[in-house]
Colleague: 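Can you read through this structure? Questions will come right after.
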Amino acid sequence: MFETIEKEVVKNKQFLSDVLKGLSAETKHISSKYFYDKKGDEIFQQIMHMDEYYLTNAELDIFKSNKCEIAKIFSPDKEAFNLIEFGAGDGLKTKILLKELLNHEIPFDYVPVDISQNALDQLNSSLKEEMPNLSFQGIQGDYFEVLSRLKESNGKRNVILFLGSNIGNFTNEEALAFTSDIGTKLNAGDLLLIGVDLKKDPRKILLAYNDPKGITAEFNYNLLRRINRELGGNFNIDTFEHHPTYDPVTGECKSALLSNIEQEVVIDDETFHFAQWEAIHTEISRKYSVKQLHKLARKSGFSIKADLFDTNQYFVDSIWEISP
Ligand code: AVJ
């Protein structure tokens, strides 16, 4: 009990110092990883159910149509393996694959990793109910924290899942550092399945991040609300506007919160000045071409085993292997 409280305090300190640092920078920014508190998880669930947010359905389509092929690639001779998922969330897409593996009596251990303890708790109870025979153990944490523990594996093949275009939240450099880091921590024959949103009609992309009902705007405002709740900030949400942009040249879809007045905001005795229309950068959701994605694979030590597309070719689940 005491330990969990201590852990919470440490985490909150990190949140506070990251926010203070980000808002003191020349270009104000707050990491999108702080979107996901209990309220943020709820809003993200709503986003995934929006018609405009095509990503979820596209990847669900891929999993439904290719579950058999994916299972065969992961375990051709029904040998046991470890299935580690970064950013598991509600496991909606993964559950299709988990059921397929269980149906074929392929032995595996599932290790969902998520930044949100709340999301993990919910996943935990839904897995217990829906798949009582599944062997699994969730881990709460930052991907990078968990990566460092990967080497202590049990001799079985490691298969990493990184779905939902979560890689889009990284800059080019961060993405390369991340996949390279995974590459060095895996053994020959280990796999990475990475789900990535592809470049497409800019209007389609922008609409997914600027839905008319304002759900994505709420997702961003919740970040300010969370700072008010947890760090004692005094943001007036009405004075900030959600502003997403998409640049088809770089493939970067960026979200920002703009202060629509000149004002001062206080957090933990520190005062931050906002010029009118000054931005806080909150998220990058980068879109890739297949060519760029393959380049990333090769640069980080992988070869490409398969590319699985949805019927609209909006999204790809690409399976990479560490070359022997
Ligand atoms: C969960 C990071 C993949 O970037 O598309 C959805 C989060 N942000 N709408 C994305 C998100 C705004 C999402 N990822």
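Counting starts at 1 for both ligands and their atoms, in listed order. Throughout, numbering of the chain's residues begins at 1 and tracks the sequence.
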Colleague: Is the ring centre of F240 less than 6.0 Å from the ring centre of F235?
Modeller: yes
Colleague: Report the nearest protein non-hydrogen atom to atom 4 (O) of ligand 1: residue, atom name, distance rounded to 0.1 Å.
Modeller: S285 OG, 2.6 Å
Colleague: Answer yes if the ring centres of F81 and Y110 are under 6.0 angstrom apart, and no otherwise.
Modeller: no
Colleague: Check each heavy atom of T216 against ligand 1 and say whether those closer than 4.0 Å belong to the side chain, the backbone, both or neither.
Modeller: side chain
Colleague: Do any N/O atoms on K287 end up under 3.5 angstrom from N/O atoms on ligand 1?
Modeller: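 K287 vs ligand 1: no N/O contact under 3.5 Å.
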Colleague: Check for me whether the distance between the ring centres of F315 and F309 falls short of 6.0 Å.
Modeller: no
Colleague: Measure Y53 to ligand 1 on non-hydrogen atoms and call it side chain, backbone, both or neither using the 4.0 Å cut-off.
Modeller: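 Side chain only; the backbone of Y53 stays clear of ligand 1.
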Colleague: Say whether S165, considering both its backbone and side-chain N or O atoms, lies within less than 3.5 Å of an N or O atom on ligand 1.
Modeller: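 In fact, backbone or side chain, S165 has no N or O that close.
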Colleague: Would you check if there is a donor-acceptor pair between the side chains of K95 and S126 at a distance under 3.5 Å?
Modeller: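 Side-chain D/A pair, S126 to K95: present.
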Colleague: Which residue supplies the protein heavy atom nearest to atom 14 (N) of ligand 1, what is that atom called, and how far is it?
Modeller: N166 OD1, 3.8 Å
Colleague: Is the distance between the ring centroids of F74 and F108 less than 6.0 Å?
Modeller: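 F74 vs F108: aromatic centres not under 6.0 Å.
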Colleague: I'd like the name of whichever of E52, M50, M48, E283 reaches closest to atom 11 (C) of ligand 1 through any heavy atom.
Modeller: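 Selected option, by shortest heavy-atom distance: E283.
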Colleague: How does Y36 reach ligand 1, by side chain, by backbone, by both or by neither, if only non-hydrogen atoms under 4.0 Å count?
Modeller: side chain
Colleague: Of all the non-hydrogen atoms in the protein, which one sits nearest to atom 2 (C) of ligand 1, and at what distance?
Modeller: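 Going atom by atom, the protein heavy atom closest to atom 2 (C) of ligand 1 ends up being N169 OD1, 3.1 Å.
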Colleague: Could you tell me the residue and atom name of the protein heavy atom closest to atom 3 (C) of ligand 1, and the distance to it rounded to 0.1 Å?
Modeller: G164 O, 2.9 Å
Colleague: Quick one: closest heavy-atom pair of L207 and P212, and the distance?
Modeller: CD1-CD, 4.3 Å
Colleague: Tell me if the aromatic rings of Y209 and Y246 count as close, with their centers under 6.0 Å from one another.
Modeller: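 No.
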